[in-house]
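Numbered from 1 within each chain, the chains take letters A, B, ... in sequence-line order.
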Protein chains: 2
Amino acid sequence: MTQRKKTGFQDVRNEVLRRIEDRHWPQGALLPTELELAAEFGCARATVNRALRELADRGIIDRKRKSGTRVAMTPVKQAKLDIAVVRQQIEEINATYRYALVMRQQITAPAWLASQVGLQADAQVLHLHCMHYADNRPFQFEERWINIAAVPEVGEADFKAVGPNEWLLSEMPFSNAEITFLAIAANDQMSEFLTCPPGAPLFQMERTTWFQQQPVTFVRMTFHPGYRMSTQY
Amino acid sequence: MTQRKKTGFQDVRNEVLRRIEDRHWPQGALLPTELELAAEFGCARATVNRALRELADRGIIDRKRKSGTRVAMTPVKQAKLDIAVVRQQIEEINATYRYALVMRQQITAPAWLASQVGLQADAQVLHLHCMHYADNRPFQFEERWINIAAVPEVGEADFKAVGPNEWLLSEMPFSNAEITFLAIAANDQMSEFLTCPPGAPLFQMERTTWFQQQPVTFVRMTFHPGYRMSTQY
DNA sequence: CAGTGGTCTAGACCACGGT
DNA sequence: CCGTGGTCTAGACCACTGG
């Protein structure tokens, strides 16, 4: 008896994955049916189903009723990006985090913002400038607009001690969002706050957040020169 | 009878999600056990389990044996990024794709590359420069190194008609990779190929790919000025 | 129409981790 | 110890879709 444990869905998943990597099942190949695999591995069809469903979620295989399961033609098409709060990012590299509020004012939403997130022309928004430091060196410049109608309590928050990102996270338990990444040239303001020459290339991330169809906030985060965002898959 | 269908795992998932959004279950709150939820929804525990497992995968809730299930303190921390092949990206915007090989030569891996991907100092690599155009306007400049030991067949490929990315995809059914995003200033070569002033800020993506622990390729993709990479979550 | 995946069930045992 | 989630099973019915 060399086998102590039963065949689990992870065993099935890994073995199927191995056969795909080995090209035992090349791209586009038709896999055995769930029933056949269950028989081969000596487990229930539900176990095979879960294994294959995970691979399908990861884009490794394509499944269609009646047609069966095939190895995907373009393997690995998704990467997961961890969207960390700035403070976490900084603490993870063992640096000391410091936050500073630069500006806070209530304004009528500018036209570009209203159109960007879908606001009425006369909507009131809170406009903020913040800085985040790692070991007292500039890490990220944050420019944010908050839809006051969506978050009335924001009027009470002065954001002097805690940044708007963390404040909103504790007020808005869940929401959907759109993120954009791009490269920009430092303008005079960025140059000053991030201590880099004007025109220096900077990595920027924009995010619009909605809560139940209603726009909540739009934020533009500009990172220090040389910042790199990494992930694996 | 207003109810035609049974309660499915999606119904459970959506209802739980709704209660979290409503803050009926605020951040950190302890949810009922699977058994209790199954009783409430009138379904099997396995159904509740699958619903909650999906939410846990998405980072919405945290589950621990014995302790139970809690609403996560930092909701939504992952975004899925679709990593498309350049040609697909271009065709998706209804533009005509054109590819051109700029340079192809076999060299000994430079020290920085060997250390970057983990190669022996004297490893032979194929070094390529390619351009990708959308409607004949520069879209992406691709600089790539391929580990010949990992992909011996690469010696046969001239890459004049089909780009190395698509060629490798058809040769390497699956692999794991590391991606990095950053902003750079256009050097003279970029400036020339992407038709932008030297020093212009450009969005760049680097990717290292392994196949069964062996480094396969390292690629640096530089996009045209103004390029934005977007995703939702 | 019939084959294949999609999902549900009721019950069971296991593994982790507070108490 | 023992409650809670993690997983498996054997069987069932449904839904989509290719022939």
Legend entry - Selection from dT7(D), dT9(D), dG3(D) that lies nearest to any side-chain heavy atom of Q10(A): dT7(D)
Inset, instruction - Enter the distance from M229(A):CE to F181(B):CZ here, rounded to the nearest 0.5 Å. - result: 5.0 Å
Inset, instruction - Please determine if a side-chain N or O atom of N49(B) lies less than 4.0 Å away from the OP1 or OP2 oxygen of dG5(D). - result: no
Inset, instruction - Please determine if a side-chain N or O atom of T47(A) lies less than 4.0 Å away from the OP1 or OP2 oxygen of dT9(D). - result: yes
Inset, instruction - Give the rounded distance in Å between these two atoms: CG of L30(A) and C1' of dG18(D). - result: 13 Å
Legend entry - Heavy atoms from other residues, nucleotides or ligands near CD of Q213(A) exceed 12 (cutoff 6.0 Å): no
Inset, instruction - Round to a whole Å and report the spacing from CD of E34(A) to P of dT7(C). - result: 11 Å
Inset, instruction - In whole angstrom, give the distance that lies between atom NZ of K64(A) and atom C1' of dC16(D). - result: 11 Å
Legend entry - Pairwise 5' ranking along DNA chain C for G68(A) and R53(A), keeping only the more 5' one: G68(A)
Legend entry - Atom-to-atom span, CD of E54(A) to P of dT7(C) - whole angstrom: 14 Å
Legend entry - R63(A) vs dG6(C): side-chain N/O to OP1/OP2 distance below 4.0 Å: yes
Legend entry - Carboxylate-amine/guanidinium proximity below 4.0 Å for R63(A) and E34(A): yes
Inset, instruction - Answer yes or no: is there an ion pair linking R18(A) with E15(A), defined by an N-O contact shorter than 4.0 Å? - result: yes
Inset, instruction - Starting at atom CG of L35(A), determine the distance to atom P of dG5(C), rounded to an integer number of angstrom. - result: 9 Å
Legend entry - Side-chain N or O of T69(A) closer than 4.0 Å to phosphate OP1/OP2 of dG5(C): yes
Inset, instruction - Take atom CD1 of I61(B) and atom C1' of dG5(D), then tell me their distance rounded to the nearest Å. - result: 11 Å
Legend entry - Value in whole Å for how far the P atom of dC14(D) lies from CZ of F9(B): 18 Å
Inset, instruction - Identify the heavy atoms of R70(A) and G28(A) that sit nearest to each other, and give their distance. - result: NH1-O, 2.9 Å
Inset, instruction - Please evaluate the base of dT7(C) for a donor-acceptor partner in the side chain of R45(A) within a cut-off of under 3.5 Å? - result: yes
Inset, instruction - Between dG3(D), dT9(D), dG6(C), spot the one nearest the side chain of R65(B), thanks. - result: dG3(D)
Legend entry - Whole angstrom value for the distance that separates C1' of dG17(C) from CG of D62(B): 16 Å
Legend entry - Quiz item: R50(B) side-chain donor-acceptor pair to dG6(C) base, under 3.5 Å: no
